[in-house]
Amino acid sequence: MANYWKYSLVSMANLAKIYGPIMSLKLGPITTVVISSSSMAKKVLKYQDQDFSTSRFVPDAVQAHNYCKFSIPWLPVCPQWRTLRRSLNTNLISSNKLDVNQHLRSQKVKELIAYWAKCSQEVEALDVGQVAFKTNLNLLSNTLFSKDLADPFSDSKVELKDVIWGIMNELGKPNLVEFYPILEKIDLQGIRSRTPLIL
């Protein structure tokens, strides 16, 4: 996989020498804009961000249960999107709210370090991915609900991690429907039919 990315980056760099710092690639019905210059990317994102955000690509797997119609990442810029984003910025991720909850984040990191030390002293195996996920989940849940959703010191498995992993797995798979929309009704790979079962 690393060789693939290295090859694709070299290919993009070679194409940029021929066609310039901004290129448009058409992959099936999906138009992808590649900006190979950091200075050009800054200009585009500063002055043209609305143009890029109005026509977001919504993967076929996200369209299960119409979640894409109520979610900030997938909504186009519209009054509903602005309301959700304003609410998110005001109530959750404003600098004041983050400053108020800073002690919670410090506490969770201290708990994580203490747990690592305990496992080290007892010469006990530690599933770093599981512990890190539980810590992040508790950071988020404390910010939203002022409560831990997972016990970072237990060996119990968090089902939410499996759900999130399943969603990421389905979203990350190349889907033929996204390149050939005529196949949407057939769902050859079963991605659209599996996604509602995960959610």
Side-chain angles (χ1 to χ4, degrees), residues 5 9 21-22 32-59 61-119 126-154 156-172 195 198-199:
W5 287 112
L9 290 174
I22 299 178
T32 305
V33 176
V34 178
I35 303 173
S36 60
S37 160
S38 61
S39 60
M40 186 61 71
K42 285 178 186 175
K43 287 179 186 175
V44 168
L45 293 174
K46 186 174 183 178
Y47 300 112
Q48 305 290 321
D49 62 332
Q50 288 293 317
D51 296 333
F52 284 103
S53 64
T54 54
S55 59
R56 292 187 178 110
F57 169 71
V58 180
V62 174
Q63 296 180 24
H65 296 304
N66 290 325
Y67 286 126
C68 58
K69 294 181 181 175
F70 307 103
S71 179
I72 291 174
W74 311 116
L75 277 172
V77 176
C78 63
Q80 181 185 8
W81 178 84
R82 285 188 179 90
T83 302
L84 288 171
R85 181 160 174 176
R86 189 178 315 112
S87 176
L88 179 69
N89 289 336
T90 304
N91 299 317
L92 293 177
I93 58 173
S94 69
S95 59
N96 292 339
K97 292 287 184 181
L98 292 174
D99 288 343
V100 167
N101 292 329
Q102 199 272 334
H103 71 282
L104 290 172
R105 293 189 302 277
S106 296
Q107 177 189 346
K108 292 299 156 196
V109 170
K110 287 176 185 173
E111 288 175 7
L112 174 66
I113 292 169
Y115 183 63
W116 280 353
K118 176 185 160 259
C119 288
L126 177 69
D127 184 350
V128 176
Q130 188 75 9
V131 174
F133 177 80
K134 287 179 181 180
T135 301
N136 281 319
L137 177 62
N138 287 337
L139 284 168
L140 186 60
S141 67
N142 269 287
T143 302
L144 297 175
F145 313 118
S146 301
K147 182 177 174 147
D148 283 349
L149 289 181
D151 181 7
F153 307 115
S154 75
S156 64
K157 194 170 185 183
V158 180
E159 289 181 16
L160 182 60
K161 181 181 179 187
D162 295 335
V163 171
I164 292 171
W165 189 256
I167 293 168
M168 288 174 36
N169 194 17
E170 291 300 329
L171 287 176
T195 305
I198 295 170
L199 300 172

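Predicted model, so just to flag it, every value in this text is computed and none were measured. Every heavy atom of this structure was used, including side-chain atoms; hydrogens, water molecules and symmetry mates were not.
Judged by distance alone, the side chain of Ser71 and the main-chain N or O of Trp74 form no donor-acceptor pair under 3.5 Å. In this structure, the side chain of Ser87 does not engage the main chain of Thr83 through any donor-acceptor pair within 3.5 Å. Between the side chain of Asn138 and the main chain of Ala150, a donor-acceptor pair closer than 3.5 Å is present. Side chain of Arg105 to backbone of Leu98: a donor-acceptor contact under 3.5 angstrom is found.
Taking every heavy atom of both residues into account, Gln80 and Lys69 meet most closely at NE2-O, 3.4 Å. Closest heavy-atom contact between Leu126 and Tyr115: CD1-CE2, 3.5 Å. Counting all heavy atoms, side chain and backbone alike, Lys147 lies closest to Ser141 at O-OG, 2.7 Å. Considering all non-hydrogen atoms of both residues, Phe70 and Leu84 come closest at O-CD1, 4.0 Å.
The side-chain hydrogen bond (donor to acceptor under 3.5 Å, both in side chains) with Ser106 is formed by just one residue from the set Lys108, Gln102, His103; it is Gln102. The side-chain contact (heavy atoms from CB on, under 4.5 Å) test with Val44 is passed by exactly one of Lys42, Gln48, Lys46: Gln48.
Between Thr135 and Glu111 the shortest side-chain heavy-atom distance does not fall below 4.5 Å. Proximity of Val109 to Ile113: side-chain heavy atoms (C-beta onward) are separated by under 4.5 Å at one or more points. Leu104 has its side chain out of reach of Leu139: every pair of non-hydrogen atoms, C-beta onward, lies at least 4.5 Å apart.
Side-chain atoms of Asn101 and Asn142 include no donor-acceptor pair closer than 3.5 Å.
To the nearest 0.5 angstrom, Lys43 atom NZ is 9.5 Å from Ile22 atom CD1.
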